[in-house]
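Presented below is the structure to which this report refers.
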Amino acid sequence: MKPYVIVNPVAGSIVDLNVELRQLRRLNAKEVRVTQRPGEAESLARKAVRAGSSYIIATGGDGTLNEVINGVASPRPPFGICVGIVPLGTANDFARSIGLTSEMDANINILRAKKIAPVDLGRMTGGHTRYFVNASSGGFSGVVDEKLSSAIKSSWGPLAYLRSAAAALLELHAYRTTVIFDDAERLMIDLYSIIIANGRFVAAGLPIAPEANVSDGLLDVVLVPKRPAAEMALLIAEMLLGKHLSGGAVIFRRARKISVQSRPGMCFNADGELVGNEPTVFQLLPHALDFVVSKS
């Protein structure tokens, strides 16, 4: 099956779209579509699947990949559909989690070889249903995403997330939160942030869930409780090194289902794309997606 390729022309790492399109010719694609507006990758992916395509390639970043996955997953998970990515975004966190390189020719070789591995999907249900493949985060992380404009991404590149986090610090506050794991354990706690991860990285390489596995049937959950400023500064340093799970500054769990309700409502994202601030239930869908991975 020839791939159906969807290209985000404003993805963070694209310098010359025409050069990238020429390189993509090596994929011998059934069709290459360049999006014209946000959200179009989702509708293109949905139409491609309905027309019989079973191999969809997202060319862009985590947001583009998220749109494609939601296009193929709606109205039900995409069993039998294969997805690949040419990681040309600002962060490329899911590509990093599965060991893909940032080198264009190498990625095209991987996509042509089409070595497939099953990966899990996350489904979040609140005001409406969205799927994610890498991570969903809420609270302070959601405020950071609100600050993360296209202009900041364009001018700051991979440092855009740190730039947006600095801008969001003035709005840092705690959320009185109830979290339920697998309909069993219940926590009521004041949180700054919650991260529900399938992949290991967020925010352009921050190893938020350093032991996460995209095919182990579990979501890694990191809760960041309210802390004094000095402790938060130390925690941030530990997060940058991937050492934050070994101390007591965060709460870590693994679960297949997580229910979250907070006051005020947390803004959540799905793979970095803002979703909303409704009470949300997260569920793991094991091996719901076939994904093209590195040949090694």
Side-chain angles (χ1 to χ4, degrees), residues 38-39 42 62-63 65-78 93-94 119-148 164 168 171-203 206 208-209 212 214 217-226 250-286 288-289:
E42 181 174 340
D62 293 306
L65 178 60
N66 181 263
E67 286 189 21
V68 167
I69 285 172
N70 277 274
V72 303
S74 300
R76 58 186 179 275
D93 284 312
F94 184 74
V119 302
D120 303 332
L121 280 185
R123 180 173 63 198
M124 52 191 303
T125 306
H128 56 287
T129 297
R130 295 292 291 178
Y131 295 88
F132 63 94
V133 70
N134 188 58
S136 174
S137 55
F140 179 68
S141 303
V143 178
V144 172
D145 281 321
E146 287 184 309
K147 304 291 184 185
L148 190 62
S164 297
E171 300 177 34
L172 179 65
H173 63 85
Y175 300 78
R176 187 60 179 169
T177 310
T178 300
V179 187
I180 304 172
F181 301 96
D182 289 330
D183 294 323
E185 182 185 7
R186 176 190 294 261
L187 295 179
M188 294 187 66
I189 189 170
D190 290 329
L191 293 179
Y192 279 143
S193 195
I194 177 170
I195 302 95
I196 298 169
N198 189 39
R200 290 183 290 148
F201 301 97
V202 297
L206 179 73
I208 194 64
V214 298
L218 293 168
L219 292 166
D220 286 31
V221 185
V222 180
L223 308 180
V224 182
K226 183 179 180 181
V250 303
I251 297 169
F252 176 71
R253 297 286 189 275
R254 285 195 173 105
R256 293 178 176 84
K257 180 181 179 183
I258 305 100
S259 301
V260 180
Q261 188 166 1
S262 68
R263 297 193 311 272
M266 287 186 178
C267 282
F268 277 98
N269 66 53
D271 295 331
E273 303 301 301
L274 282 173
V275 175
N277 62 353
E278 301 285 340
T280 305
V281 177
F282 299 85
Q283 290 179 284
L284 192 282
L285 305 177
L289 181 70

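Not measured: the values here are computed from a predicted model.
Proximity of a side-chain donor or acceptor of Asp120 to a complementary backbone N or O of Asn198 within less than 3.5 Å is not detected. The backbone N or O of Tyr131 lies less than 3.5 Å from a partner atom in the side chain of Asn70, making a donor-acceptor pair.
Heavy-atom minimum distance, Ala270 versus Phe132: CB-CB, 4.1 Å. Phe252 and Val222 make their closest contact through CD1-CG2, 4.1 Å (heavy atoms, listed as atom of the first residue, atom of the second, distance). In this structure, Phe181 and Ile258 approach most closely via the heavy-atom pair CD2-CG1, 4.2 Å. Listed here is the closest heavy atom pair of Ala174 and Pro264: O-CD, 4.3 Å. Nearest heavy-atom pair, Ala209 versus Gly199, reported as atom, atom and distance to 0.1 Å: CB-O, 3.9 Å.
Side-chain contact between Phe94 and Val214 is present, with at least one heavy-atom pair separated by less than 4.5 Å.
Taken to the nearest 0.5 Å, the CD1 atom of Ile196 stands 10.0 Å off from the CG atom of Asn269. To the nearest 0.5 Å, atoms OG (Ser136) and CD (Glu273) are separated by 11.5 Å. From Lys226, atom NZ reaches atom CD1 of Ile189 across 12.0 Å, with rounding to the nearest 0.5 Å. For the atom pair Met188 CE and Asp190 CG, the distance stands at 9.5 Å (nearest 0.5 Å). From Leu219, atom CG reaches atom CZ of Arg253 across 15.0 Å, with rounding to the nearest 0.5 Å. The structure places CZ of Arg200 at 13.5 Å from CD1 of Ile208, a figure rounded to the nearest 0.5 Å.
Residues satisfying the salt bridge (charged side-chain N to carboxylate O under 4.0 Å, His left out) criterion with Arg130, sequence neighbours excluded, are Glu42.
Ring pair Phe282/Phe268: centre-to-centre distance below 6.0 Å.
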For Val275 and His128: C-alpha separation, side-chain torsions, deciding distance, then whether side-chain contact (heavy atoms from CB on, under 4.5 Å) applies.
CA-CA 9 Å; Val275 175; His128 56 287; 4.1 Å; yes
Quick one: do Met266 and Asn277 satisfy side-chain contact (heavy atoms from CB on, under 4.5 Å)? Show the steps, please.
CA-CA 5 Å; Met266 287 186 178; Asn277 62 353; 5.8 Å; no
Between Val260 and Ile194, does the side-chain contact (heavy atoms from CB on, under 4.5 Å) criterion hold? Intermediate values first, please.
CA-CA 9 Å; Val260 180; Ile194 177 170; 3.8 Å; yes
Working note: Asp271 + Leu65, criterion side-chain contact (heavy atoms from CB on, under 4.5 Å); need CA distance, chi angles, decisive distance, verdict.
CA-CA 8 Å; Asp271 295 331; Leu65 178 60; 5.9 Å; no
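Summarising the local packing, CD of Gln283 is surrounded by more than 12 heavy atoms from other residues, nucleotides or ligands at distances under 6.0 Å. The number of heavy-atom neighbours closer than 6.0 Å to CZ of Arg256, taken from other residues, nucleotides and ligands shown, is 12 or below.
The residue from Val224, Val250, Leu223, Val221 that alone fulfils the side chain to side chain contact (heavy atoms under 4.5 Å, CB included) condition with Ile195 is Val224.
In this structure, Asp220 pairs ionically with Arg254, as a charged nitrogen and a carboxylate oxygen lie closer than 4.0 Å.
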